[in-house]
There are 2 protein chains.
Amino acid sequence: MEPGERAHSVTIRDVARAAQVSPATVSRVMNRRSTVDVELARRVQQAAASLGYHPSAIAQGLARGRTELVSILVPDLGNPMFQSVLRGISRAAGVEGYRVLVTDSHEMPLEEPFLAQETRLRTDGLVLCSPRSHDQELLELAGKLEPFVLVNRHVEGLLAPTVAVDYAAGIRALVAHLAGLGHRHVAYLSGPMASVSNQQRLDTLHASAEGRFELTVLECGSMHEDGYEAADRALGTGATAIIGYNDLVALGALGKFHAIGVSVPDQVSVVGFDDIAFARYASPMLTTVAVPQEALGEEAWQRLSAVLRGEEPPADVCFTPRLEVRQSTARNPR
Amino acid sequence: MEPGERAHSVTIRDVARAAQVSPATVSRVMNRRSTVDVELARRVQQAAASLGYHPSAIAQGLARGRTELVSILVPDLGNPMFQSVLRGISRAAGVEGYRVLVTDSHEMPLEEPFLAQETRLRTDGLVLCSPRSHDQELLELAGKLEPFVLVNRHVEGLLAPTVAVDYAAGIRALVAHLAGLGHRHVAYLSGPMASVSNQQRLDTLHASAEGRFELTVLECGSMHEDGYEAADRALGTGATAIIGYNDLVALGALGKFHAIGVSVPDQVSVVGFDDIAFARYASPMLTTVAVPQEALGEEAWQRLSAVLRGEEPPADVCFTPRLEVRQSTARNPR
DNA sequence: CGATGTACGGAAAGCGGTTTCACCGATGTG
DNA sequence: CACATCGGTGAAACCGCTTTCCGTACATCG
């Protein structure tokens with residue numbers, strides 16, 4: 001390629017000229033939509049190859065009214081949970097020739113609606129991952145976001161396909177596990193207050209802890225450092241078991257306990273949520289609730305893909321997470 | 001929004017008609033490029049608002065010859081290292097209104113050139129992250145990929161802006177650290193053979209281990225499970241210290257040692273590379289070499305952004321990683 | 001052998017914006 | 001008062017491709 005030659009200087013017209021046919025024919029050859037005389041086709045192929053022609057995706061997008069791009073909006077690209085979902089979508093979409101535009105709202109709920117719209121406008125569809133906005137806001141926004149699918153969030157009255165996780169079931173499994181181990185006082189390291197799934201977990205916790213053990217809730221966050229920072233506060237409440245909002249928080253707590261010489265699970269039990277890859281490799285291996293993260297992404301894509309094809313999307317799905325008992329929980333020492 | 005009304009049915013012409021002006025004027029108002037009579041501007045604004053008009057990003061892209069999208073190609077979206085780079089780029093680009101298209105080559109070097117081109121075609125520029133392709137291939141491809149920047153890889157004779165890490169320095173620091181602790185036999189859990197950075201690490205290891213300790217190389221991989229699986233093999237060689245290709249591998253090994261009751265660092269020292277967030281929260285906290293991952297992404301964006309603006313990009317940068325001595329290394333017990 | 005299909009290829013009209021260009025009336029100047 | 005200047009505006013070309021529409025050539029049929 002000569003210097004100065006802009007990457008996209010060679011257009012369909014150039015190919016047409018070189019092959020002595022009309023642009024329409026070049027288009028036909030490139031898209032194999034309509035039959036073209038074999039001789040012409042050959043000339044076009046050759047001209048295209050020798051000129052290094054690649055159709056402009058933007059122009060195709062405009063003409064076809066479809067970009068083969070989808071957006072995904074996540075609250076935090078730093079969270080392995082969302083990375084896995086992204087990965088699941090990216091893989092599944094890639095197979096069908098779609099690429100993924102990723103936008104991170106940096107846990108700023110107020111920015112979300114704007115970002116969602118903005119990013120949606122650039123693509124054919126949107127995957128909204130654990131949106132932090134209120135139901136009301138999402139309902140109002142829905143029209144402008146369509147087609148989109150919702151991951152990890154259920155909104156009453158919203159027609160969008162949804163793939164979710166039954167967090168309540170996961171929490172109940174966790175509660176039963178800890179109660180079964182004889183724990184009488186449990187601390188919950190709470191996630192972002194704007195997070196609906198945090199709210200759900202809290203509600204379920206309160207309901208199912210009732211009569212089994214005392215529950216103390218501590219504000220924490222969704223990251224390692226939040227768990228690290230909150231760990232000794234949690235211990236200070238007298239709790240013998242700690243439930244992290246997610247694995248990151250639980251692993252952060254684990255790290256802190258290790259650092260200050262508190263033995264897990266001998267002195268205190270710790271559990272997480274999500275079963276990110278690291279949970280299995282932590283020491284001690286983290287007891288947690290396994291959420292099929294990549295599958296969430298994949299199922300999300302299946303639904304979006306169906307809508308894009310104009311088909312009826314598969315029914316909403318709600319994964320029931322599985323308790324993974326590992327080494328970070330033990331019988332109440334007291 | 002009425003059902004059936006396609007998201008983008010309202011065009012600039014509709015707004016123009018409603019505001020009784022020409023499409024050109026609407027465009028001017030929307031872009032604030034040229035001054036427009038305040039009264040007309042008001043009419044346009046109002047018409048746009050009441051119709052719910054949003055300019056089509058695709059049409060703008062075609063007309064302006066620029067999409068405000070950039071691509072990033074990574075070998076493995078499951079690797080925290082690349083996730084961090086992605087995050088760095090996404091943040092930095094977002095500030096300037098650019099969005100990021102992400103493509104995962106799934107550690108398949110043969111697919112890389114195709115994917116790179118394909119994804120590049122859809123955007124204004126490309127960030128190639130740790131490409132696994134051969135120098136020669138990259139050189140040939142360069143013309144078609146421009147503008148692009150190279151992360152984590154240096155290619156002789158390639159004019160593209162590059163942001164890299166001085167892996168050799170990192171390895172030397174690691175070697176000095178382990179030698180200083182009296183280790184006489186070290187095992188290296190090697191990464192993907194296609195990875196150039198793995199090759200560099202190997203070369204540097206061989207060179208700098210010379211005369212200080214015996215070096216055994218074991219084929220491993222780049223993921224947790226690879227490290228987990230290789231850990232006892234490594235121990236079996238009689239090595240008293242283990243260098244993982246990256247933190248994932250090292251953490252996997254840590255997990256295995258914990259599982260089989262081998263004490264780190266008392267019986268064996270383990271070090272990683274990258275300093276992903278989890279390294280700090282592992283137990284024991286992982287000694288590793290800190291690579292400024294998000295900064296890599298950010299610097300990559302600075303360069304791409306400059307090129308996109310038609311400016312001279314900042315000079316290539318090569319970060320010197322910093323040895324992070326934590327708890328997974330100790331004096332040779334033998 | 002004329003009528004009817006069928007297959008193919010080119011002209012041209014979009015897709016939804018941006019931008020050049022020419023025009024207009026209203027200023028500013030000598 | 002004539003003339004250059006200038007901000008504001010619309011018409012139209014254009015970005016690069018797809019797709020409809022139509023004309024042509026040729027094969028098939030009654």
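Note that the coordinates shown come from a computational prediction; the quantities given were computed from them, not determined experimentally. When reading the values below, keep in mind they use all heavy atoms of this one structure, side chains included, and skip hydrogens, waters and symmetry mates. Below, read A as the first sequence line, B as the second, and so on, with proteins coming before strands; counting in each chain starts at 1.
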Could you tell me how far apart [X] ([atom1]) and [N] ([atom2]) are, to the nearest whole angstrom?
X	N	atom1	atom2	value
A:M30	D:dG16	CE	P	15 Å
A:Y53	D:dG16	OH	C1'	7 Å
A:R64	D:dT20	CZ	C1'	16 Å
A:R42	C:dG9	CZ	P	14 Å
A:L121	C:dG17	CG	C1'	13 Å
A:D37	C:dA7	CG	P	14 Å
A:L62	C:dG14	CG	C1'	9 Å
A:R66	C:dG16	CZ	P	15 Å

_Residue pairs involving residues 46-63 of chain B (criterion salt bridge (charged side-chain N to carboxylate O under 4.0 Å, His left out); sequence neighbours excluded)_ =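 Residue pairs with at least one partner in residues 46-63 of chain B: there are none.
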Please tabulate, for the side chains in residues 122-132 of chain A, all donor-acceptor contacts under 3.5 angstrom to protein atoms that are two or more places apart in sequence or on a different chain.
from   : atom 1 : to     : atom 2 : distance (Å)
A:R122 : NE     : A:E118 : OE2    : 3.1
A:R122 : NH1    : B:T67  : O      : 3.4
A:R122 : NH1    : B:E68  : O      : 2.8
A:R122 : NH2    : A:E118 : OE2    : 2.9
A:R122 : NH2    : B:G97  : O      : 3.1
A:T123 : OG1    : A:S71  : OG     : 2.8
A:T123 : OG1    : A:R120 : O      : 3.4
A:T123 : OG1    : A:G125 : O      : 2.9
A:D124 : OD1    : A:T67  : N      : 2.9
A:D124 : OD1    : A:T67  : OG1    : 2.9
A:D124 : OD2    : A:T67  : N      : 3.0
A:D124 : OD2    : A:E68  : N      : 2.8
A:S130 : OG     : A:N152 : ND2    : 3.2
A:R132 : NE     : A:E107 : OE1    : 3.0
A:R132 : NH1    : A:S195 : OG     : 3.3
A:R132 : NH2    : A:E107 : OE1    : 3.4
A:R132 : NH2    : A:E107 : OE2    : 2.8

*Heavy atoms under 4.0 Å, any strand shown: does A:S27 hit a base, just sugar-phosphate, or nothing?*
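The residue A:S27 makes base contact.
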*Please work out if B:L40 contacts a base, only the sugar-phosphate, or nothing of the nucleic acid, heavy-atom cut-off 4.0 Å.*
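Sugar-phosphate contact only.
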*Hey, which sits more toward the 5' end of DNA chain D by its nearest nucleotide, B:R13 or A:R28?*
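Its nucleotide being nearer the 5' end, the pick is B:R13.
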_Residue closer to the 5' end of DNA chain D, B:A59 versus B:V38 (nearest nucleotide)_ =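 First, find each residue's nearest nucleotide; the 5'-ward one identifies B:V38.
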_My understanding is that only residues two or more places apart in sequence, or in another chain, count here; which of them pass ring pair (Phe, Tyr, Trp, His ring centres under 6.0 Å) with A:Y98?_
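Partners of A:Y98 by the ring pair (Phe, Tyr, Trp, His ring centres under 6.0 Å) criterion, ordered by chain and then number, come out as A:W301.
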*Nucleic acid contacts of residues 15-24 of chain B, taken as heavy-atom distances under 4.0 Å to DNA chain D*: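 Those residues whose heavy atoms fall under 4.0 Å from DNA chain D, taken from residues 15-24 of chain B in numerical order, are B:V21, B:S22, B:A24.
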*Exceeds 12 heavy-atom contacts within 6.0 angstrom, atom CZ of B:R91*: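 Atom CZ in B:R91 is not packed in, count stays at 12 or less.
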_C:dG17, OP1 or OP2 - any side-chain N/O from B:S56 closer than 4.0 Å?_
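Looking at the OP1 and OP2 atoms of C:dG17, neither is under 4.0 Å from any side-chain N or O of B:S56.
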*Within less than 4.0 Å of OP1 or OP2 of D:dT9, is there a side-chain N or O belonging to B:T25?*
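Negative; the distance criterion is not met.
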*asked:* A side-chain contact here means heavy atoms from C-beta on lying under 4.5 Å apart; do A:P314 and A:R303 qualify?
replied: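 They are in side-chain contact.
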_Run the salt bridge (Lys or Arg N to Asp or Glu O under 4.0 Å) test against A:E137 and tell me which residues pass, sequence neighbours left out._
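So A:E137 forms no salt bridge (Lys or Arg N to Asp or Glu O under 4.0 Å) with any residue.
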_Could you work out, with salt bridge (Lys or Arg N to Asp or Glu O under 4.0 Å) as the rule, every residue matching A:E294, not counting sequence neighbours?_
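Here the qualifying residues are A:R87.
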*Looking at the side chain of B:Q60, which of D:dC15, C:dG17, D:dC17 is the nearest nucleotide?*
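The closest nucleotide is C:dG17.
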